[in-house]
Protein chains: 2
Amino acid sequence: MRLSNLADYAVVTMCQAARHCGGGKVSAAELASESGLPAPTVQKVVSKLTSAGLLRSSRGAGGGLQLARPAAAISLADIVEAVEGPIALTACVEGEDCAVHEKCSVKPHWPIVNSALRGALAEIPLTRLAQIPQVKEVA
Amino acid sequence: MRLSNLADYAVVTMCQAARHCGGGKVSAAELASESGLPAPTVQKVVSKLTSAGLLRSSRGAGGGLQLARPAAAISLADIVEAVEGPIALTACVEGEDCAVHEKCSVKPHWPIVNSALRGALAEIPLTRLAQIPQVKEVA
DNA sequence: TGAAATCGGAACGAATCAGTCTGATTTAGG
DNA sequence: CCTAAATCAGACTGATTCGTTCCGATTTCA
């Protein structure tokens, strides 16, 4: 029930990338220095994000990263799935058979729980995470 | 974003225990044989569930387990938290400091996501998971 | 009193994850 | 056209956590 660190870093990195969205390309090293994360780790995160189609990479000198889609069209669920694979609380949701595959009374209920969680994450766009909220409100 | 196997087993075990709720005490070995899970694993799960106060254990010969509360008052979130600890997607929600503790723009948003997920799990009572649905409906 | 059955904690092994590094590819400039 | 720099992409190592199993302490019934 805990997100992996990679996924956490991916969210932070995507937020940083979203800020540079209008500016064009940004290098992974720049994102690392801005976010304070170790550079090699950011590189790894960026690789996964690019493979998933969330980021577009331009190689060669003067290259860099840029969001493949507008920030509003990228949800938290997309980022998590890009790094951690499909959101599935249990293996049986994925089709893998568990030890109690036969007459498992809980099995039919997992998809409902699963979609509920995924829906909660899908409703949070990257724009909402990237915006620095005025935390002036009284807690 | 995946539930640990222990938590999965805990849910199955609790469902089995809920069926025996009216019958009184049930041994961990019986729950294991009924669910098809390895007996030692069930024992470990039962220990955690008892420590969390979800199950009540009676030691000695003829002892066994029984639900500490009515099944309707036990939610999926309770079971997950009993096995995996507090539901916290990231370490910073728990108070632990992450590498980017300073000016982490994402940090203020995590509690919202976290509570959303926890709420989704808290709304599913054990009774709903224990009942065997008439899966006659066309998928 | 004896014995059985239970929970509780500790130890071992495996798997996944985090982090680091080196190599291949691509572009810009001379 | 070639050189050189900068980039991403994949593979490797070490560590932490999870899963599983086993054994001991405690408690109750007969």
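Convention: sequence-line order gives letters A, B, ...; per-chain numbering from 1. Everything quoted here is computed from the prediction, not taken from an experiment.
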Using a 4.0 Å cut-off on protein heavy atoms (strictly under), produce a 5'-to-3' string for nucleotides 1-18 of chain C with B for base contact, S for backbone-only sugar-phosphate contact, and - for none. ----SBBB-B-------S

For A/Ala7, give me all partners under side chain to side chain contact (heavy atoms under 4.5 Å, CB included), at least two apart in sequence or on another chain.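 A/Leu3, A/Ser4, A/Val83, A/Glu84.
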
Let me know the distance between CG of B/Leu37 and C1' of D/dT20, rounded to the nearest Å.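 Atom CG in B/Leu37 sits about 13 Å away from atom C1' in D/dT20.
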
Donor-acceptor list for residues 67-81 of chain A side chains, cut-off 3.5 Å, not counting sequence neighbours:
unit_1  : atom_1 : unit_2   : atom_2 : d
A/Ser75 : OG     : A/Ala77  : N      : 3.4
A/Ser75 : OG     : A/Asp78  : N      : 3.3
A/Ser75 : OG     : A/Asp78  : OD2    : 3.2
A/Asp78 : OD2    : A/Ser75  : N      : 3.1
A/Glu81 : OE1    : A/Arg118 : NH2    : 3.0
A/Glu81 : OE2    : A/Arg118 : NE     : 2.9
A/Glu81 : OE2    : A/Arg118 : NH2    : 3.3

Which atoms form the tightest heavy-atom contact between A/Leu31 and A/His20, and what is the distance?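 Scanning both residues completely, I find the closest heavy atoms to be CD2-CD2, 4.5 Å.
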
Taking all heavy atoms of A/Ala130 and all of A/Arg19, pick out the closest pair and write down the distance.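 Distance-wise, the nearest heavy atoms are O-NH2, 3.0 Å.
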
Can I get a per-line list of side-chain donor-acceptor pairs under 3.5 Å for residues 52-61 of chain A, giving both atom names and the distance, sequence neighbours left out?
unit_1  : atom_1 : unit_2  : atom_2 : d
A/Ser58 : OG     : A/Lys25 : NZ     : 3.4

